[in-house]
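Computed from a prediction, not measured in an experiment: that's the story for all the values here.
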Amino acid sequence: MDKPATEDYKIELFDADVQQLLKMALKEPASVDLEKVASVIFEQSMKDLVFSKEAGRICYTIVQAEHKQSGQSNFRRCVLNRLQQEFRLKEQVRESSVNAWVCLVTFICNVFDYLKVDCLVLQLHRIGEQLNKTSTQRMDDLFCLLRDGFLLQDRPSSLSRLLLLEVIEFRAGGWKMSDNAQKYYYSEVAD
């Protein structure tokens, strides 16, 4: 990646102050008010369908930067809490504006695509082996769903497909990852 991460995102929709806030959040999340960032992204996502598609990727990048910088998940919590609050009002949103409803669903799907798959893979790395021992049939069912999700090429993002494939291989390898596989998956995620 030769160009800075902020050039990949559609943040030119915002005024200069908000653009600066988002750029800082993408680079150094600990230096900004992450609740404000979540709010800005959410509000724009509710108005602009094109941006709501991009918002999941922006959120994912901020989550990754925050985790790398401080090991925290504050931004993820802020975004997911805001989405839960709005989803509780889904009937009012749908009745007041079909466009806002479509934007909300699009944003949720994109956040799910980026953040929830990441969370699922992380948890399966942590406790997958124990879950497999206590309920093999349920884990078999889950991994059939994960395999199907991976095979639906036009559904999840390429990063989500990569993460799903990695966790499928992790389980197939007896909950261990070979050095070569680890280098492959984690060099791809870093790129």
Only counting residues at least two apart or in another chain, list the ones meeting side chain to side chain donor-acceptor pair (under 3.5 Å) with D141. Q137
Just jot down the side chain to side chain donor-acceptor pair (under 3.5 Å) partners of Q20, sequence neighbours excluded, or say none. none
Contacts satisfying salt bridge (charged side-chain N to carboxylate O under 4.0 Å, His left out) that involve residues 69-85 (not counting sequence neighbours) are E43-R82, R76-D118
Salt bridge (charged side-chain N to carboxylate O under 4.0 Å, His left out) involving D48 - partner list, sequence neighbours excluded: none
Only counting residues at least two apart or in another chain, list the ones meeting salt bridge (charged side-chain N to carboxylate O under 4.0 Å, His left out) with E91. R94
cation_pi(K116, F112) dist<6.0 Å, angle<=45: no
Contacts of type side chain to side chain contact (heavy atoms under 4.5 Å, CB included), residue T134, not counting sequence neighbours: none
How would you list, by chain and number, every residue that makes a side chain to side chain contact (heavy atoms under 4.5 Å, CB included) with L120, sequence neighbours excluded? L124, L146
When you compare the side chain of Y184 with that of L162, does any pair of heavy atoms fall below 4.5 Å? yes
Can you list, pair by pair, the side-chain donor-acceptor contacts under 3.5 Å of residues 99-106, counting residues two or more places apart and other chains?
{"from": "T106", "atom 1": "OG1", "to": "V102", "atom 2": "O", "distance (Å)": "2.7"}

Among V79, L22, I11, which residue satisfies the side chain to side chain contact (heavy atoms under 4.5 Å, CB included) criterion with I41? L22
Applying ring-ring contact (aromatic ring centres under 6.0 Å, His included), can you list everything that pairs with F170, at least two apart in sequence or on another chain? H125, W175
Applying ring-ring contact (aromatic ring centres under 6.0 Å, His included), name anything that partners F14, two or more places apart in sequence or on another chain. F51
With clusters built from Ile, Leu, Val, Met, Phe, Trp and Tyr whose side-chain heavy atoms come within less than 4.5 Å, directly or transitively, what are the remaining members of the cluster of V50, listed by chain and number? none
Would you give me the side-chain donor-acceptor pairs under 3.5 Å for residues 67-74, sequence neighbours excluded?
{"from": "Q69", "atom 1": "OE1", "to": "A30", "atom 2": "N", "distance (Å)": "3.1"}
{"from": "S70", "atom 1": "OG", "to": "E66", "atom 2": "O", "distance (Å)": "3.1"}
{"from": "S70", "atom 1": "OG", "to": "Q72", "atom 2": "N", "distance (Å)": "3.3"}

